[in-house]
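A, B, ... follow the sequence lines: proteins, then strands. Residue 1 opens every chain.
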Amino acid sequence: MAMATATATEGTETNDDGARPWQSYHTVYTTAKAGMDGVDKEKVQRTVYEMSKGSKYFQNEERKDAFITQKIDKLRTQCDKLTQADLSHFQKVADRRILELEALRDLSRIWLHVDMDAFYAAVETLSNPTLKGKPMAVGSMSMISTANYEARKFGVRAAMPGFIARKLCPELIFVPTDFNKYTHYSDLTRTVFRRYDPNFMAASLDEAYLDITEVCKRRNIKSEEIAEELRTSVYEETGLTCSAGVAPNRLLAKVCSDINKPNGQYVLPNDRMAVMTFISSLPIRKIGGIGKVTEHILKAVFGINTCEQMLEKASYLCALFSQSTADFFFSVGLGLGKTDSPEVRFRKSISNERTFSATEDEVLLYKKLAELAEMLSTDMQKEGLCGRTLTLKLKTSSFEVRTRAMTLRKYISSREDILKHASELLKAELPLSVRLIGLRMSHFDGDKYGGSTSNPKQKTITDFIASVDADRNRFLPDVADHDFVSHTETNVSIGSCQTSRDPADGNHSSDVNCQSGTGWSSEEIQTSGNNASCSNYGQVKEAVESTFPIQGQFEDTSTLNLSNLLDDERLNSCEDKTMLWLNDYKCSLCGIELPPSFAEERLEHSDFHLAEKLQKEESRIHQRTSVSSRSWDQKNRITRERISKKQKLSQKEGSYRPIDYFFLLKSNKNRPS
DNA sequence: GCGGATCAC
DNA sequence: TATGGTGATCCGC
């Protein structure tokens with residue numbers, strides 16, 4: 001994490017003359033995890049550092065770290081620039097926002113998160129009992145997927161390269177991954193889960209969320225007993241142990257399942273005080289969605305360590321981060337999370353990538369590309385997908401990641417089409433020493449909101465806050481997960497309707513991302529351009545065709561240059577006028593000003609524009625004319641009918657109240673419960 | 001829409 | 001000798 005960042009707020013770090021340089025090399029796998037209690041962390045830290053020092057990987061980590069340091073410096077500067085007036089303004093905005101979020105707290109559901117203990121390792125031990133009691137890791141010398149608890153005592157962990165693990169634990173046994181096995185056992189566990197919640201949400205092969213509200217009610221027993229019973233059943237039917245967490249929402253349930261791991265459980269009651277007490281001292285890193293970078297930034301800039309401090313520093317968070325980010329932070333401070341029933345969702349992209357020993361050999365690279373195109377095409381056709389946006393991913397020998405994308409007019413899925421376009425993308429990057437190539441397809445045929453179709457992007461306040469939840473991105477089927485096929489109603493990104501968060505009266509920037517030089521010097525681009533036409537085309541063609549005989553397509557590729565592509569294949573950006581709130585205050589279509597807190601009013605306003613739009617479309621058909629603002633109410637009613645179903649779905653009965661209600665309560669000095 | 005970054009498992 | 005693969009999201013352009 002912070003390699004060269006001994007900072008004022010991190011007073012314990014003594015980075016003088018590299019006396020203890022390993023202390024500042026914070027890798028992701030030094031985070032405290034279950035089974036790591038008696039570990040000599042300093043020794044692990046030192047070993048990891050010694051094994052990594054000087055490597056290309058390490059140098060890249062240093063480079064990334066320098067960016068984070070820069071970002072931290074920038075945030076600190078912005079903090080220092082805030083005046084007392086600014087702070088009091090943002091404190092008010094934050095207080096209001098926190099009240100709005102609090103108003104949406106839902107304590108009516110009981111969620112259970114179940115997490116298998118060292119899943120891959122446990123399955124391997126089942127099929128080979130001689131491994132029992134010995135330190136073992138699933139994975140390879142390059143990368144470890146899971147380590148059993150014996151290995152964890154040595155500091156061996158998932159995501160750690162095997163050669164470092166072996167240094168930490170010389171007798172470590174390596175077992176190669178076997179996903180068929182894990183899928184089989186995963187299916188067995190899911191048979192159990194289904195008995196408690198037929199609509200349970202699989203988060204991965206070894207994790208699931210169950211809404212046990214109904215089963216508790218029906219059998220009139222406590223959630224604690226359900227959790228015990230479920231874990232016993234899983235053990236009896238698979239021979240595997242698991243841990244469970246029970247809480248009023250999924251975010252908290254996930255945190256709880258980690259508390260008594262392995263083979264344990266923890267129940268957090270559906271009580272606001274209990275939640276607030278629980279959350280107050282909880283380190284933010286325990287929250288899903290807060291990773292090592294966010295943790296580091298929040299600690300270094302604001303001194304935030306616990307969830308409670310998210311609320312204490314609310315005015316700063318409000319001032320320096322986007323609204324959606326600030327909302328998420330506040331939710332964490334309040335212990336809020338999603339409680340809704342599983343939404344089914346369409347996948348949004350499909351991809352594959354491979355790492356190999358770094359090479360500049362263009363023939364080899366094109367051959368790898370052809371293999372990936374073949375695999376991707378096969379995967380897409382298995383699912384009946386056709387896509388328009390193709391993204392090439394490259395990792396250079398210095399571990400720098402680049403992506404290059406193109407959006408086509410036509411939907412494609414054949415390996416010939418994929419390879420043709422992917423080759424163009426790759427050609428523009430060469431020459432380059434590469435250690436990984438990947439291909440991703442997105443923007444699928446049939447995507448609901450894929451294009452510029454008229455689509456009310458403005459979400460209801462309920463949608464908005466619900467989607468702020470940290471586990472928003474975790475309920476997608478993994479590759480081997482056939483249980484979870486999906487569709488979703490509001491497949492809309494929050495960011496798409498957000499602009500700058502700067503208040504109208506502010507004169508400082510809210511820009512938090514330091515998007516400075518990413519290694520793409522103009523010189524490099526120039527170089528790429530000069531080499532755009534592949535010098536050894538004959539060899540490349542031979543390599544590709546020997547891998548996958550292609551009829552003619554590759555000939556075409558050689559004559560296509562980038563400008564042709566731009567004219568011929570690429571789409572121009574299609575702008576469809578969608579309403580958004582400029583500076584979070586002003587309607588981009590008519591200029592009316594409404595503060596963010598006027599959620600209901602804003603909703604009505606966006607409904608108005610939607611109605612206006614619909615009417616325009618209609619009148620185009622009827623050769624008829626305009627819309628006057630006097631008819632707002634009438635049109636608003638029409639729109640309301642259209643979208644009322646959606647709102648009902650997104651509002652839990654009884655939990656919804658107009659925002660004004662809480663302002664009223666607040667001014668009466670009554671906090672809503 | 002693109003590209004970089006972050007995150008989870 | 002040696003630091004993964006898949007999918008999603010957010011932000012600033």
Side-chain angles (χ1 to χ4, degrees), chain A residues 27-29 48 51-52 55-58 60-61 64 67-68 71 115-116 119-120 139-146 158-167 177 179 202-207 254 287-297 321-322 324-325 328 345 347-358 379 388-389 391-393 395 399-407 435-436 438 440 442-443 450-452 467 470-481 493-496 498-501 509-520 570-575:
Chain A
T27 58
V28 67
Y29 31 77
V48 171
M51 298 291 289
S52 301
S55 67
K56 295 266 179 65
Y57 173 83
F58 184 89
N60 186 251
E61 290 298 298
K64 289 197 296 188
F67 276 114
I68 295 171
K71 194 166 170 174
D115 191 340
M116 303 301 296
F119 184 56
Y120 297 174
S140 69
M141 229 28 121
S142 296
M143 188 53 60
I144 286 174
S145 296
T146 313
M160 180 182 277
F163 67 93
I164 295 181
R166 194 176 53 182
K167 186 82 172 183
T177 52
F179 275 95
S204 66
L205 284 179
D206 72 323
E207 280 185 41
K254 165 94 175 137
I287 301 292
I290 297 184
K292 69 168 184 166
V293 175
T294 309
E295 178 194 35
H296 180 48
I297 290 172
F321 293 101
S322 74
S324 60
T325 304
F328 168 60
R345 314 176 91 184
R347 76 148 76 227
K348 295 182 177 65
S349 72
I350 185 165
S351 67
N352 53 16
E353 62 188 54
R354 286 294 174 272
T355 296
F356 41 85
S357 54
D379 290 348
R388 287 170 59 205
T389 300
T391 306
L392 172 74
K393 175 176 172 181
K395 195 188 280 178
F399 286 85
E400 190 186 318
V401 175
R402 306 175 178 180
T403 61
R404 294 293 176 269
M406 63 163 78
T407 298
R435 76 189 316 279
L436 171 146
R440 178 169 71 245
S442 51
H443 212 144
S452 62
S467 53
D471 46 14
R472 61 195 179 275
N473 61 355
R474 255 188 281 128
F475 307 118
L476 292 132
D478 50 61
V479 184
D481 183 358
S493 128
I494 308 171
S496 61
Q498 296 290 313
T499 53
S500 159
R501 297 194 53 265
S509 168
S510 296
D511 174 19
V512 251
N513 270 8
C514 304
Q515 297 276 72
S516 44
T518 52
W520 279 104
R570 272 188 185 167
L571 272 188
N572 293 322
S573 70
C574 25
E575 56 271 85

State which of C:dT9, B:dT6, C:dT3 makes the closest approach to the side chain of A:Phe399. C:dT3
Choosing from C:dC11, C:dT6, B:dT6, which nucleotide comes nearest the side chain of A:Lys393? C:dT6
Please report the distance, rounded to the nearest Å, between CD1 in A:Ile68 and P in B:dG4. 16 Å
Below the 4.0 Å mark, does C:dA8 have OP1 or OP2 next to a side-chain nitrogen or oxygen of A:Arg347? no
Base, sugar-phosphate, or nothing for A:Lys167, non-hydrogen atoms under 4.0 angstrom? nothing
Look at the side chain of A:Ser324 and decide which nucleotide, out of C:dC10, B:dC7, B:dG1, has an atom nearest to it. C:dC10
Listed nucleotide nearest any side-chain atom of A:Arg435, set C:dG7, C:dC11, C:dG4: C:dG4
Nearest whole Å is fine: how far is B:dC7 P from A:Ile287 CD1? 14 Å
Taking the six-membered ring for Trp, are A:Phe321 and A:Phe328 closer than 6.0 Å centroid to centroid? no
I want to check one thing: is the phosphate of B:dC9, taken as OP1 and OP2, less than 4.0 Å away from some side-chain N or O of A:Ser145? no
Nearest-nucleotide 5' precedence on DNA chain B, A:Thr389 against A:Thr294: A:Thr389
Closest to side chain of A:Glu353, choosing from B:dG4, C:dT3, C:dG5: C:dG5
Output yes when at least one side-chain N/O atom of A:Ser322 is less than 4.0 Å from OP1 or OP2 of C:dC11, else no. yes
Partner set under salt bridge (Lys or Arg N to Asp or Glu O under 4.0 Å) for A:Lys64, not counting sequence neighbours: A:Glu61
Ranking B:dC7, C:dA2, B:dC9 by distance to the side chain of A:Met141, first place goes to C:dA2
Working note: A:Arg435 + A:Thr355, criterion side-chain contact (heavy atoms from CB on, under 4.5 Å); need CA distance, chi angles, decisive distance, verdict. CA-CA 6 Å; A:Arg435 76 189 316 279; A:Thr355 296; 3.5 Å; yes
For atom CZ of A:Arg388 and atom C1' of B:dG1, their distance in whole Å: 10 Å
With a cut-off of less than 4.0 Å, is there a side-chain N or O of A:Ser351 near OP1 or OP2 of C:dG7? yes
Between CZ of A:Arg440 and P of C:dT9 the distance, given in whole Å, is 12 Å
Side chain of A:His443 only, heavy atoms from C-beta on: which candidate in C:dG4, C:dA8, B:dG1 is closest? B:dG1
Pick the C1' atom in C:dG4 and in B:dC7, then give their distance to the nearest Å. 15 Å
Want to settle it: does A:Asn352 or A:Ser52 sit nearer the 5' end of DNA chain C, counting the closest nucleotide to each? A:Ser52
Rounded to whole Å, please give me the gap between CZ in A:Arg354 and P in C:dT3. 16 Å
Given C:dG7, C:dT6, B:dC9, which nucleotide is nearest the side-chain atoms of A:Ile350? C:dG7
Starting at atom CD of A:Glu207, determine the distance to atom P of B:dC9, rounded to an integer number of angstrom. 5 Å
Does C:dA8 have its OP1 or OP2 closer than 4.0 Å to a side-chain nitrogen or oxygen of A:Ser349? yes
A:Phe328 CZ to B:dT6 P: how many Å, rounded? 15 Å
Using a 4.5 Å cut-off on heavy atoms from C-beta on, say whether the side chain of A:Arg402 contacts that of A:Leu392. no
What's A:Leu436 touching, base or sugar-phosphate or nothing? Going by heavy atoms closer than 4.0 Å. sugar-phosphate
Measure from the side chain of A:Asp206, starting at C-beta and using heavy atoms only, and say which of C:dT6, C:dG4, B:dC9 lies closest. B:dC9
Distance, rounded to the nearest Å, where A:Lys64 contributes NZ and B:dA5 contributes P: 9 Å
Side-chain donor-acceptor contact under 3.5 Å, A:Thr177 with A:Ser145: no
Please enumerate all residues that pass salt bridge (Lys or Arg N to Asp or Glu O under 4.0 Å) together with A:Lys395, with sequence neighbours excluded. none
Of the nucleotides C:dG7, B:dA5, C:dA2, which has the atom closest to the A:Arg166 side chain? C:dA2
